[in-house]
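Side chains included, hydrogens not; waters and symmetry mates left out as well; all remaining heavy atoms used.
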Amino acid sequence: LGSDKSMTCVARAAARKWKAASGAPAYWFLWETSGPKFDFMPPADTPKSDKLKVGGCWPCPGPGHGSDLPFLFDTGDVHVEDARADLADVVQMFYRNFVMNGDPNTWNGFGLTKDGKQAWTPVEQGGMQFQARHTHNVKDLRGDWCDFWDEQAGRKP
């Protein structure tokens with residue numbers, strides 16, 4: 001709920017504002033896969049053999065801010081299971097397509113679709129929900145929650 005208020009719904013509002021101001025398509029997403037576990041070294045005076053294992057959110061439930069970065073930049077630690085490796089391939093493909101073509105759904109002149117619709121629709125039609133084993137476009141992604149937070153913040157849809 002807190003991440004909806006401070007991050008998720010703010011991102012949706014920013015994408016909508018970009019679309020309204022520029023006329024260009026805007027896309028947004030919700031990342032719902034926790035990042036891989038990281039090893040953090042304790043303070044310098046602690047023996048190096050005593051590593052501190054910490055989850056991506058210290059260890060909060062769910063994905064933390066930036067937990068998508070190892071998947072985007074293929075840091076190698078997402079390949080521990082097939083679902084995470086597949087998710088890394090999917091997110092890299094969409095980002096690469098967007099950077100090269102301005103559209104995450106265009107690859108080498110081909111359109112990426114699912115059930116006859118764009119695989120990742122523009123913000124006015126929904127958003128992409130990135131999950132290991134279940135990445136999909138969601139019509140009105142987090143709509144009720146974001147509408148509530150937009151109203152509280154005085155943001156117009």
Is there a side chain to side chain contact (heavy atoms under 4.5 Å, CB included) between M128 and T135? Walk through the geometry before answering. CA-CA 7 Å; M128 184 62 77; T135 293; 3.7 Å; yes
Could you go through the side chain to side chain contact (heavy atoms under 4.5 Å, CB included) check for D86 and R133 one step at a time? CA-CA 8 Å; D86 291 346; R133 292 189 180 91; over 6 Å; no
Should K19 and E124 be marked as a side chain to side chain contact (heavy atoms under 4.5 Å, CB included) after you check the CA-CA gap, both sets of side-chain angles, and the distance that decides it? CA-CA 9 Å; K19 167 68 176 164; E124 64 272 14; 3.9 Å; yes
Looking at M100, I want to see if its CE is surrounded by more than 12 non-hydrogen atoms of other residues, nucleotides or ligands under 6.0 Å. no
Does atom CD of E151 have more than 12 heavy-atom neighbours, drawn from other residues, nucleotides or ligands, at distances under 6.0 Å?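 At most 12 heavy atoms, drawn from other residues, nucleotides or ligands, come within 6.0 Å of this atom.
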Any ion pair linking R12 and D150 (charged N to carboxylate O, less than 4.0 Å)?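 Here D150 pairs with R12 in a salt bridge, since their nearest N and O are under 4.0 Å apart.
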To the nearest 0.5 angstrom, please state how far the [atom1] atom of [X] sits from the [atom2] atom of [Y].
X: F71; Y: T33; atom1: CZ; atom2: OG1; value: 6.0 Å
X: H134; Y: E32; atom1: NE2; atom2: CD; value: 10.0 Å
X: Y27; Y: N105; atom1: OH; atom2: CG; value: 5.5 Å
X: S67; Y: L72; atom1: OG; atom2: CG; value: 11.5 Å
X: L141; Y: Q129; atom1: CG; atom2: CD; value: 5.5 Å
X: R155; Y: D147; atom1: CZ; atom2: CG; value: 10.5 Å

Do V10 and W28 share a hydrophobic cluster, counting only Ile, Leu, Val, Met, Phe, Trp and Tyr and linking them when any side-chain heavy atoms are less than 4.5 Å apart?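 No.
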Mind checking whether V90 and L30 sit in one hydrophobic cluster, side chains of I, L, V, M, F, W, Y counted as touching below 4.5 Å?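 The answer is no; the residues belong to distinct hydrophobic clusters.
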Would you say [X] and [Y] make side-chain contact, with heavy atoms under 4.5 Å?
X: N101; Y: W107; result: no
X: Q125; Y: K139; result: no
X: F94; Y: F130; result: yes

Do W18 and V123 pass the side chain to side chain contact (heavy atoms under 4.5 Å, CB included) test, and can you show the C-alpha distance, the side-chain angles, and the key distance before you say yes or no? CA-CA 10 Å; W18 171 260; V123 66; over 6 Å; no
Is there a donor in the side chain of N97 and an acceptor in the side chain of T106, or the other way round, less than 3.5 Å apart?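 Per modelled atom types, N97 and T106 side chains form no pair under 3.5 Å.
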Write down the atom of A26, the atom of A15, and the distance for their closest heavy-atom approach. CB-O, 3.2 Å
Donor-acceptor contact present, side-chain T113 to main-chain Q118, <3.5 Å: no
Fit a plane to each ring of Y95 and W120, take the angle between them on a 0 to 90° scale, and name the class: parallel (under 30°), tilted (30 to 60°) or perpendicular (over 60°).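 Geometry flag for W120 against Y95: tilted rings.
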Partner of W31 by side chain to side chain contact (heavy atoms under 4.5 Å, CB included), out of T8, L87, L69: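 For W31, the side chain to side chain contact (heavy atoms under 4.5 Å, CB included) test succeeds with only one of T8, L87, L69, which is L87.
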